[in-house]
Amino acid sequence: MSVVQNIRTAAAAAIKALYEQAIPAKDIAINTTKPEFAGEYTILVFPFTKFSKLKPEETGEQLGTYLTTHYPDLVAGFNVIKGFLNLEIREQYWAQYLQQHFNNRNIGKKPANGKKIMVEYSSPNTNKPLHLGHLRNNFLGSAIAEILKANGYEVIKANLVNDRGIHICKSMLAWQLFAHGDTPKSSGIKGDHLVGDYYVKFEGILKEQAEPIVARILKNDFKDIEGTDLLKVEKLVNAFHKPEVQQDKEKSAKLLDDIKELARKNTEIMQQAKIMLQQWEAGNPEVRALWNTMNSWVYEGFEQTYKRLGITFDKMYYESSTYLLGKDLVEEGLRKGVLFKKEDNSVWIDLTAEGLDEKLLLRGDGTSVYMTQDLGTARLKYDDYKMDQSIYVVADEQNHHFKVLQLIMKKLQEPSADGIFHLSYGMVELPHGRMKSREGTVVDADDLIDEMISASEQQTLAAGKAKDFSEDELQGLYEMIGIGAMKFFLLRVDPKKKMVFDPKESIDLHGFTSTFVQYAHARIKSILREVDLNTDKLEGFCHKGSLLPLEKALIVLTEQFDTVLEDAEKEMSPSVIASYAFQLAQQFNSFYAEKVEGKYTYSIREAESPEKQKLRTQLAMLTARTIERSMKLLGIDVPEKM
RNA sequence: GGACCGGUAGCUCAGCUGGAUAGAGCAGCUGCCUUCUAAGCAGCAGGUCAUUGGUUCGAAUCCAAUCCGGUUCACCA
């Protein structure tokens, strides 16, 4: 149990005894004590004055006195300032924590709680390589999975690959038309990039073909447009040409966009892509063969990228085998009367009572939509694992989708409905705005990884570090630093918030970065190598006597790890861990560097007594372990030396 | 238009289950390497916590309104 929990329990008992009031321990507000006052933790006594019928100061005095007399092992002393009761924790308490945990490899790890959680993340499309946005998703998903494991859950890491659909056909078609049989091997281009290049090629041709159509449409020449689109386009153009619309820039731009969209839809190449999609769905052997081949290229590419990043999965789902799911659910829903049919045979659910709209679940021709698939996949996952919770790591632009998904699942009385949780994260933006593929501002994941690693190499060399490293060790270090920097940069921000990715800032290895934390770790390890006190001697050692200020501050901070881990789970936020790891590294650095008249105050090697040397060695080990564990939860490795 | 999210130092972000003088990092300025790793440490400077009103002993934090920015409300995925 953490100190804070102990304090809460004690305080609750004290209040019960003093004022005959039962307050749940968890409702007692505790802060860390401001550095200018004596003590480590502070109880806010304002809320208790109601039933103590005393001034805050007097209430604090009473409580403090009670705690010191009844819990002498925990509370050694106190002072009261206004309504703040500052508690000085018995130093022995800290020494014991240190003794118990300094050599604990799995620090913070909770025993299994019997609950199972699936975390779905990554979920790439197989028509393009991964980009910066995917990185935030992957890092978040991995980190959350690790955080849940550390908190005692059984975790299934799942990846639902979007491997079919019109966007895939676009790459396939362009490859067929323009690649002359090019393969990753023949071209030397990584598979996912090669396929992505043909997707870009498709978009280029599409744009080329759409432009003249748009021009003709605006001159009221609709010969390119067919079927129901003809009516739509006439309406749009009429509206577009109205003088009042021409005045309204926003409106006219929107209409023009709609017109362009229709033109794109009616290009020759787009028609070909659609035919290919139909052939794919019909199981055309040639199309399927091409699809298999090109997807396999992409998977090889992804595999490399995942490997470099240390991203792994326990279970792969492929949309090509899940996209037809959900129809059973719809059938059942119809029978239960939760869903209804319209005249054209399309199936809907009415969510107007919940303040939402009606939502389509099956088209008139019986084909399904995105939502239908997701309903079916949710059931499939549950059938596979019967997990208590199913987390979807998906960007916040899909907030509405997941709200509706869960609502429909509830209405269909699916047992998995309550466990659905959308871990919604904000978009990654560049200093000048969002990434736009049309403007070529998309930051490619592989490029970024290379840049980060080479930046870490340059900065290592510039700082004159890592001199006695072998070539292999150097390469390993550069990767550890570069990839760590990237992960930390993307994880240090609260996932819910959109964030700005500044390339210049991201390669900075100073300040609030993984490099800072890694460096502190390497520094500790270097000190420990030099002092070389064997663990057996330390095992039985429990420091007696008083602690110096930064010794105490460091233990107090390491002791908070448990709580931080719980907070990270509760908030679903690895950023909590990142902040903590940084704070801990900072605290150690202060401890390490404090000097008076040229002498280190907290020297380990030149400690003023054997007891202090043991104490500080334990403390250094505990700090290193806590840093290592924290970073590991973020998927970041820490070096022994750097 | 409805719904949801955000607005804290020049920049990027913490703090938001109400509590002491609002914190880091970067950028700027001062110091500190004959002694455990200076990718570091110590310090200075930098704030109408978007605005207004309310609740409270106490509001960056809760409530309401307003302003600004974003996302979404597809028979796309």
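Just so it is clear: chains get the letters A, B, ... in the order the sequence lines come, proteins before strands, and each one is counted from 1. Remember, it's a predicted structure, so these values are computed and weren't measured experimentally.
When ring centroids are compared, A:Phe37 and A:Phe84 stay outside the 6.0 Å threshold. Ring to ring, A:Phe582 and A:Phe516 are close: their centroids are under 6.0 angstrom apart.
Note on A:Glu319: only backbone sugar-phosphate atoms sit closer than 4.0 angstrom, heavy atoms only; bases stay farther off. Within 4.0 Å (heavy atoms only), A:Phe516 reaches sugar-phosphate atoms of the nucleic acid but no base atom. At a threshold of 4.0 angstrom between heavy atoms, the contacts of A:Met499 are confined to the sugar-phosphate backbone, with no base atom among them. Among the atoms of the strands shown, none is found under 4.0 Å from any heavy atom of A:Asp532. Nucleic acid contact for A:Gln586: sugar-phosphate only, since backbone atoms but no base atoms lie under 4.0 Å from a heavy atom of the residue. A:Ser424 comes within contact range of no nucleotide atom at all, as no heavy-atom separation falls under 4.0 Å. Using a 4.0 Å heavy-atom distance criterion, A:Asp344 is classed as a base contact. Among the protein residues, A:Ser590 comes within range of the sugar-phosphate backbone only, with heavy atoms under 4.0 Å from sugar or phosphate atoms but none that close to a base. Residue contacts for A:Tyr602: at a heavy-atom cut-off of 4.0 Å it reaches a base atom on one of the strands shown.
Across the protein-nucleic acid pair, A:His400 atom NE2 and B:rC4 atom P stand 12 Å apart, rounded to whole Å. The distance from atom NZ of A:Lys599 to atom P of B:rU34 is 18 Å, rounded to the nearest whole Å. Atom CG in A:Leu206 sits roughly 15 Å away from atom C1' in B:rC76 (whole-Å rounding). One atom, NZ of A:Lys50, and another, P of B:rU56, lie 13 Å apart when rounded to the nearest Å.
The side chain of A:Arg523 places an N or O atom within less than 4.0 Å of a non-bridging phosphate oxygen (OP1 or OP2) of B:rA38. Put simply, A:Arg492 has no side-chain N or O that comes within less than 4.0 Å of OP1 or OP2 on B:rG25.
A salt bridge links A:Glu505 with A:Arg492: at least one charged nitrogen is closer than 4.0 Å to a carboxylate oxygen.
We find that the ring of A:Phe46 and the base of B:rG19 stack, their centres lying under 5.5 angstrom apart and their planes tilted less than 30°.
Under the 30°/60° scheme for interplanar angles, the aromatic rings of A:Trp280 and A:Trp291 are found to stand perpendicular.
Taking the side chain of A:Val500 as heavy atoms from C-beta on, and the options B:rC36, B:rC75, B:rC13, the nearest nucleotide is B:rC13.
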